[in-house]
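What follows is a single structure, written as structure tokens, with notes after it.
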Amino acid sequence: MILKNQITIPALSGDVPRRIYVYLPPDYEESAEFYPVLYMFDGHNVFYDEDATYGKSWGMKEYLERENPALIVVAVECNHEGNRRLCEYSPWSFQDKRFGKVDGVGRIYMDWLTEELKPRIDADFRTKPEREFTAVCGSSMGGLMTVYAMTAYNHIFSKGAALSPSLWCGTQKILNLIRRTSFAEETILYMDYGSGEMGNHTGTRNALKRTAGAFIDQGVYTCLRIVPGGEHCEACWEQQIPVFMTCLGIKGRH
């Protein structure tokens, strides 16, 4: 069952509503069980093709129905206005030839998610609110935010999956943040990139290696993959769902 409602983030977009999706396991209504929670960025791209930006979702609905993990998934739509998605999904400001000046407000977004949204989810649903049972996942800029969340909000999230993370927004800032973070035990991070999207971009390759290496040096259980033939698109990220779910220890019940 997927509940589809609207939500506002006053600190970022005033009273403009955006969609929020909450997936509940099929036995949720009949059981008294409490469930881990996975928070996902770009919520409109997670479950339904008709809601997805480019007409193709991650297919997470089909995966969850097929594998039936004991898991609640919360996915919030991004801000589609201008380049506001870039702003919301960047922890810092940066200048780019393609996008111009991007005023990063990722910290405000994550403060909202952890201080307002998560408590609301924990109050409204039967969740396991502890860090051990709280995960985060995203791709592209959402992948960058996953890396950021796993670092700056490590007291909230114990595991995360960053697919095709946009490390180009500030690799050195990411590395500095990782190196000064005292990670809790049992922190698990999955990161990948498609070989097709990397091409011969040595900068992207080096950023990925350095970021993964920094996590490893800090004692984070890090799974790094280069997906053969993988591209920067939802169809490719869909194919990685079983891999990163296994990496994060989220098992199906079928």
Side-chain angles (χ1 to χ4, degrees), residues 2 21 23 25 35-43 45-49 52 54 56-75 89 132-151 154 157-167 174 178 183 186-199 201 204-205 207-216 218-254:
I2 298 176
Y21 306 77
Y23 166 84
Y35 299 88
V37 182
L38 171 65
Y39 291 88
M40 296 188 69
F41 299 100
D42 289 311
N45 289 335
V46 172
F47 295 110
Y48 299 111
D49 290 351
Y54 301 108
K56 175 68 184 81
S57 73
W58 282 48
M60 183 64 81
K61 176 177 179 289
E62 289 73 18
Y63 171 83
L64 294 169
E65 290 175 346
R66 183 174 68 250
E67 299 298 328
N68 188 26
L71 182 71
I72 292 173
V73 179
V74 178
Y89 287 177
E132 176 186 355
F133 304 107
T134 307
V136 62
C137 173
S139 62
S140 193
M141 291 297 293
L144 172 67
M145 284 291 280
T146 297
V147 170
Y148 176 62
M150 289 297 297
T151 308
N154 189 247
F157 302 101
S158 65
K159 55 192 71 174
L163 287 71
S164 305
S166 297
L167 303 176
I174 297 170
I178 295 170
F183 290 92
E186 303 297 325
T187 295
I188 305 171
L189 177 65
Y190 168 96
M191 287 199 301
D192 73 19
Y193 241 91
S195 65
E197 63 179 317
M198 293 186 78
H201 298 164
T204 299
R205 196 178 305 271
L208 187 61
K209 288 192 297 184
R210 294 173 67 198
T211 302
F215 276 117
I216 292 170
Q218 291 289 72
V220 174
Y221 297 144
T222 307
C223 177
L224 174 63
R225 294 176 67 232
I226 305 299
V227 180
E231 299 289 347
H232 197 88
C233 64
E234 280 72 20
C236 178
W237 299 325
E238 177 179 10
Q239 295 174 7
Q240 314 318 314
I241 295 174
V243 182
F244 74 70
M245 286 291 204
T246 299
C247 244
L248 302 185
I250 301 173
K251 301 177 181 179
R253 295 182 289 181
H254 283 165

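This chain uses plain numbering: 1 for the first residue, then up along the sequence.
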Exercise for the section: Please check if atom OH in Tyr221 has more than 12 non-hydrogen atoms from other residues, nucleotides or ligands closer than 6.0 Å. Expected result: no
Completion exercise
OG1 of Thr151 to CD of Gln218, rounded to nearest 0.5 Å, is 9.5 Å
Fill in the blank from the handout: In short, Ala70 meets Tyr35 closest at the heavy-atom pair C-CD2, 3.8 Å
Problem - Non-hydrogen atoms of Trp58 and Ile241 that approach each other most closely - result: O-CD1, 3.5 Å
Exercise for the section: Let me see the working for Val73 and Tyr21 under side-chain contact (heavy atoms from CB on, under 4.5 Å), right down to the final yes or no. Expected result: CA-CA 8 Å; Val73 179; Tyr21 306 77; over 6 Å; no
Problem - Min side-chain heavy-atom separation Leu71-Tyr23 under 4.5 Å - result: no
Exercise for the section: Quick one: closest heavy-atom pair of Pro25 and Arg253, and the distance? Expected result: CB-NH2, 3.8 Å
Exercise for the section: Give the minimum heavy-atom separation between Pro242 and Thr246, together with the two atoms involved. Expected result: O-OG1, 2.8 Å
Practice task
Could you tell me how the ring of Tyr89 sits relative to the ring of Phe41: parallel (under 30°), tilted (30 to 60°) or perpendicular (over 60°)?
Solution key: perpendicular
Handout entry: Straight-line distance of Glu186 CD to Ile188 CD1, nearest 0.5 Å
Key = 6.5 Å
Handout entry: Glu132 atom CD, over 12 foreign heavy atoms within 6.0 Å
Key = no
Practice task
Please answer whether the main-chain N or O of Asp192 pairs with a side-chain N or O of Arg225 as donor and acceptor at a distance below 3.5 Å.
Solution key: no
Practice task
Indicate yes or no: at least one non-hydrogen side-chain atom of Phe183 is less than 4.5 angstrom from one of Ile178.
Solution key: yes
Practice task
Working to the nearest 0.5 Å, report the span between CZ of Phe47 and CD1 of Ile2.
Solution key: 4.5 Å
Exercise for the section: For the pair Phe157 and Tyr39, name the ring-plane relationship: parallel under 30°, tilted 30 to 60°, perpendicular over 60°. Expected result: perpendicular
Problem - Nearest-0.5 Å distance that lies between atom OG1 in Thr134 and atom CD1 in Ile72 - result: 10.5 Å
Exercise for the section: Could you pull out the closest heavy-atom pair between Leu189 and Met150, with the gap in Å? Expected result: CD1-CG, 4.1 Å
Practice task
Measure the CG-NE2 distance between Leu163 and His232 for me, rounded to the nearest 0.5 Å.
Solution key: 10.0 Å
Exercise for the section: Please tell me if the side chains of Tyr190 and Cys223 come closer than 4.5 Å, counting only heavy atoms from C-beta onward. Expected result: yes
Problem - Flag side-chain contact, heavy atom, 4.5 Å: Glu234 against Asp49 - result: no
Exercise for the section: Would you indicate whether the side-chain heavy atoms of Asn45 and Trp237 approach each other to under 4.5 Å? Expected result: no
Exercise for the section: Spell out, as yes or no, whether a donor-acceptor pair under 3.5 Å connects the side chain of Lys56 to the backbone of Ala235. Expected result: no
Problem - Pro165 side chain near Thr146 side chain, heavy-atom distance below 4.5 Å - result: no
Practice task
Starting at CE of Met191, measure out to CG of Leu208 and round the result to the nearest 0.5 Å.
Solution key: 5.0 Å
Exercise for the section: For the residue pair Met245 and Leu38, establish whether any side-chain heavy-atom pair is separated by less than 4.5 Å. Expected result: yes
Handout entry: Exercise: identify the closest heavy-atom pair between Ser166 and Met141
Key = OG-N, 3.3 Å
Exercise for the section: For the residue pair Phe244 and Cys137, establish whether any side-chain heavy-atom pair is separated by less than 4.5 Å. Expected result: yes
